[in-house]
Structure formats: structure tokens, C-alpha cells
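As a basis for the values below, the full set of heavy atoms in this structure was taken, side chains included, without hydrogen atoms, waters or symmetry mates. Chain letters run A, B, ... following the sequence lines, proteins first and then strands; every chain starts at 1.
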Protein chains: 4
Amino acid sequence: MSDDIAKAGDNLIAAERLRHIVARIERLEEEKKALGDDIKEVYAEAKGSGFDTKIIRQVIRLRKVEQADRQEQEALLDLYMQALGMA
Amino acid sequence: MSDDIAKAGDNLIAAERLRHIVARIERLEEEKKALGDDIKEVYAEAKGSGFDTKIIRQVIRLRKVEQADRQEQEALLDLYMQALGMA
Amino acid sequence: MSDDIAKAGDNLIAAERLRHIVARIERLEEEKKALGDDIKEVYAEAKGSGFDTKIIRQVIRLRKVEQADRQEQEALLDLYMQALGMA
Amino acid sequence: MSDDIAKAGDNLIAAERLRHIVARIERLEEEKKALGDDIKEVYAEAKGSGFDTKIIRQVIRLRKVEQADRQEQEALLDLYMQALGMA
DNA sequence: GATGCGCTTTAAATGC
DNA sequence: GCATTTAAAGCGCATC
């Protein structure tokens, strides 16, 4: 019997925690969406200034992969350094 | 001649503006990604506490469509009001 | 040598299957487009009868999200049932 | 007074027609969605057979514009024929 | 622990 | 030019 009471209490606590988790995620998603809107706005503004947003997107994509490449190269370098006992 | 100078100046200005636009977008995307990571972390934490993330995701999705529902109803009401010349 | 023959045969078969796939997709897309045209026609007809298509679109959108809502609720219930070992 | 009655009657009829229009559109959209699902299925099947769906999509897109080109050329030809009194 | 697969989200294209 | 529709990317999940 007291098991049931304990279980009911646990469920309440779990429900409360769930509520908290959901609230946190929703808050974060809201902020994330706001940033997405900001980005959209910048593109719209750029377009209004006569820029081709498609090309801007390409530029950004390109810079992203280049950055990834650089990081990869650095990671590889680190690995070599470690292998050579230089790090 | 002075046209060319003016054009060169414009290009410089355009390049500068482009640089600025790209920087702004990259900054915003960085923040956006950080929030995505935060969300992921909350899910991971919830999972670690024994919650079923699938249920949490479903709850959040449901709340989202309910909210959309409410907004759609209001939009529809507005339309009717306008159609009836009451807005 | 016979490997090459086999491979050539495979390529022929693959080409034939590809042709078949493309044909099927094109046929389906054609039908899909026809339906899209039908829908457009209904809207045009409604407009001709004095209806505001904007409102009709909104009504349909609303009914869609309400339906999605219902389905989400059922999905959530299922998840809960499963989580509670009742399904 | 009888104007009001007439108007109320009109509204009822309009509501009935609206219901009918919505039902027709929803039916058509349902069929359209079913075809979309069929197409997705064909792609999935193709993928299961080892084809690269991305390339298949390109093939289909290409064939579509080629077909459009052909139709355009034929239309142009018709025009010329008519202009020459040969059609 | 890695890989692949489907699904959700996000970007691009198109038509009104 | 904006909203809808369609293609692509990213992500979590399941499996091996």
C-alpha cells in the first residue's frame, strides 16, 4: 500500500520535472526561432540593398566548410604532433 | 574617368557592406547553433533522468500545433470580421 | 573477360530498371499536377461565385491543423500507454 | 423584413456551397498527397535497389525542361506555319 | 561505437 | 513580392 503512495509521489515529482524540462526546451526553441528570424531579416535587408542572397548563402556555406577543413587539418596536425611526442 | 573612380568607390563600399552582412549572419548562426546544442543537452539530461525523450518531443510538438491552431482560429476570425466589414 | 560481359549485362539491366523508375515517377507526377490544376480550378470557380478564396484557404488550413492536433493527441496517448506497459 | 429573410436564406445557401467547396478541395488534396506518397515510395524503392535518388531527381528535372523546350519549339513552329498560311 | 536510414527541419524554386 | 510547394541538409534513432 505504502508502495502505491510512494509511487504516486514519484509520479508527481516526475510530472513536475517533465513540466520543467518542457518549459526549458520551449524557451530555448523560442530563442532559436527568434535568431532564425533575425537571420532572415538580414538577408531581406541585404536583398533590399541589391545583393543577391543566393550568392551570400553560397559564400557563407563555403566559409563554413573551409573553416571545417582548417579545423580538421589542425586536428590532424595535433595527432601527428602527439604521435611524434611533440605535444 | 571620374565615373570609374566613383564606381571603384562604390565597389569598395559594396564589398565592405557585404563583409558586414556576412559577419552578422555568421554571428547569428553561431548563436543559433549554440541554442541547438543547449536543447540537445536538455534532452540528454532528461534521458539521463529516465525520461523518454520521444514522449517529450511529442508533448512539445503537440503544444506547438495547439498553439498554431489557436493562431489560425484568430486569423480566421479576423478574416470573417473583415469580410463582414466589422474590422 | 566474362566479368566484363556480366557487367555489361548488369548495366543494361540497371539502365532498363532506371528507365522504368523514371517512367513511373513521371507518370505519378503528371497525375499529381493534374490534381493541382483541379484544385486551382475549384478555387477559381469559388471566386467566380463571389467567395473569398483567402478565407477558404484559411478554413482548409485550420481544418488541417485541427486534424494534425487530433493525430498528435492520439500518438501521445499511445506513447503514454506504451510507457505504462498498457499497450 | 423579407429582405432579412432572403439574406438569411442566401447565407445558408452560401454556407452550404462553401461546405461543398471545402469538401471538394480536401478530397483533391488528399488524392494529391497520396500521389506524393507514391512518388516517395518509388524513390525509396529505387534507393533500395542501389540507385542514387538525387541523380534520378536530376534526370527527371532535366527531362522536364527538355520537354518544355520541345513544346516551346513546336509552338514556335506552329506560329511560323500559321504566319506562312501553312496551318 | 560506428554506420546507415528515415524524419524533421531548413533552403530554394515557383506561381499568384 | 509573398506564399506555397518542393528539394536538400541535419539530426536522432536503431542496428550491427
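Of the candidate nucleotides F:dC11, E:dT9, E:dC16, E:dT9 has the atom lying nearest to any side-chain atom of B:K64.
Between A:I60 atom CD1 and B:E26 atom CD the span is 5.5 Å, to the nearest 0.5 Å.
Of all the heavy atoms in C:I56 and C:Y43, the pair that sits closest is CG2-CE2, 3.7 Å. Taking all atoms of both residues into account, the shortest heavy-atom contact from A:R24 to B:V42 is NH1-CG2, 3.9 Å. The minimum heavy-atom distance linking B:K47 with B:T53 is given by the pair CB-CG2, 3.8 Å. Taking every heavy atom of both residues into account, A:L35 and B:K32 meet most closely at CD1-N, 3.5 Å.
Proximity of a side-chain donor or acceptor of B:Q58 to a complementary backbone N or O of C:E72 within less than 3.5 Å is detected.
One interatomic measurement links the two molecules: NZ of A:K33 to C1' of E:dT10, which rounds to 12 Å at whole-angstrom precision. Between A:Y43 atom OH and E:dA13 atom P there is a gap of 13 Å when expressed in whole angstrom units. For A:K47 and E:dA13, the NZ to P distance is 11 Å, given to the nearest whole Å. Rounded to whole Å, the distance from CD on C:Q71 to P on E:dC7 is 15 Å.
Sequence order on DNA chain E of the closest nucleotides to A:E29 and D:A44 puts D:A44 first from the 5' end.
Residue C:K32 is in sugar-phosphate contact alone, with no base atom involved, counting any heavy-atom pair closer than 4.0 Å across all strands shown.
Side-chain nitrogen and oxygen atoms of C:K40 include at least one within less than 4.0 Å of the OP1 or OP2 phosphate oxygen of E:dC16.
For the segment residues 52-62 of chain B, residues with any heavy atom less than 4.0 angstrom from an atom of DNA chain F are, sorted by number, B:T53, B:R57.
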